[in-house]
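Presented below is the structure to which this report refers.
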Amino acid sequence: MANKYELGDLVRVKGTWTDPNNSNAAIDPDVVKCSVRAPSGTVTTYTFGTDAALTKVSTGVYQMDINANAAGIWSYRWFSTGAGQAADERYFEVSVAYAQ
């Protein structure tokens with residue numbers, strides 16, 4: 001089941017990397033990226049160290065805030081290359097809430 005948010009929310013997403021060969025200790029991959037797909041189908045890819053929107057919280061933990069400015073299904077995909085290569089994709093739903 002997808003997490004649900006309201007139009008205009010700022011959605012914080014996190015990517016976490018561990019080393020399965022070292023008791024799942026936290027590891028920083030060589031390159032960390034996050035692609036965000038808006039309900040319109042537009043995909044924007046952010047790279048750690050290049051794009052200020054993608055930040056490092058601690059070893060192996062990265063985060064990004066997504067401006068949920070359109071209703072529909074949003075998806076995001078964390079991926080890395082080199083040491084610590086991995087990928088994970090998730091999604092969330094944004095709906096319009098009306099005051100009653």
Side-chain angles (χ1 to χ4, degrees):
M1 178 179 283
N3 290 331
K4 294 185 178 187
Y5 298 93
E6 292 182 9
L7 187 66
D9 280 350
L10 195 59
V11 180
R12 177 160 289 170
V13 297
K14 288 188 178 182
T16 304
W17 281 262
T18 58
D19 183 353
N21 298 318
N22 186 17
S23 302
N24 288 322
I27 183 174
D28 284 325
D30 292 340
V31 177
V32 173
K33 296 185 178 206
C34 185
S35 290
V36 178
R37 183 180 179 272
S40 66
T42 301
V43 176
T44 305
T45 301
Y46 301 88
T47 304
F48 175 70
T50 301
D51 298 300
L54 199 162
T55 60
K56 180 177 174 180
V57 177
S58 61
T59 300
V61 181
Y62 297 80
Q63 71 183 21
M64 202 174 83
D65 292 331
I66 299 172
N67 178 9
N69 59 5
I73 303 296
W74 289 73
S75 63
Y76 58 97
R77 182 176 187 268
W78 289 99
F79 58 104
S80 59
T81 60
Q85 180 176 340
D88 185 40
E89 186 167 348
R90 297 179 186 249
Y91 64 97
F92 59 89
E93 181 178 355
V94 174
S95 62
V96 178
Y98 295 98
Q100 297 183 9

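Computed from a predicted structure; not experimentally measured.
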Please report, to 0.1 Å, the donor-acceptor pairs under 3.5 Å made by any side chain of residues 13-20, with sequence neighbours excluded.
from: Trp17; atom 1: NE1; to: Ser80; atom 2: OG; distance (Å): 2.8
from: Asp19; atom 1: OD1; to: Asn21; atom 2: N; distance (Å): 2.9

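- Atoms CD and SG, on Gln63 and Cys34 in that order, are 11.5 Å from each other to the nearest 0.5 Å.
- Distance check: Thr44 OG1 to Asp51 CG gives 9.5 Å after rounding to the nearest 0.5 Å.
- One hydrophobic cluster holds both Val32 and Ile27 under the rule that ILVMFWY side chains link at heavy-atom gaps under 4.5 Å.
- Linking ILVMFWY side-chain heavy atoms closer than 4.5 Å, directly or via other members, places Phe92 and Leu54 in a single hydrophobic cluster.
- The heavy-atom pair separating Ala52 from Thr55 by the smallest distance is O-CG2, 3.4 Å.
- With rounding to the nearest 0.5 angstrom, the OH atom of Tyr5 is 12.0 Å from the CD atom of Glu93.
- The two residues Ala70 and Leu7 have their closest heavy-atom pair at N-CD1, 3.4 Å.
- Residues Met64 and Ala53 share a closest heavy-atom pair of CG-O, 3.2 Å.
- Asn69 has its side chain within reach of Trp74: a pair of non-hydrogen atoms, C-beta onward, lies under 4.5 Å apart.
- Between Ser95 and Lys4 there is no side-chain heavy-atom pair separated by less than 4.5 Å.
- Residue Ile66 is grouped with residue Val96 when hydrophobic side chains (ILVMFWY) are merged at heavy-atom distances under 4.5 angstrom, including chains of intermediate members.
- Going from atom CZ of Arg37 over to atom OH of Tyr91 covers 13.0 Å, rounded to the nearest 0.5 Å.
- Nearest heavy atom pair, residue Ala68 against residue Val94, reads CB-CG2, 3.6 Å.
- With hydrophobic clusters built from ILVMFWY side chains whose heavy atoms lie under 4.5 angstrom apart, Val11 shares a cluster with Val36.
- Each of Tyr62, Phe79, Trp78 was evaluated against Phe48; a single residue qualifies, Tyr62, per the ring-ring contact (aromatic ring centres under 6.0 Å, His included) test.
- Judged as a side chain to side chain donor-acceptor pair (under 3.5 Å), and not counting sequence neighbours, the contacts of Lys56 are Asp28.
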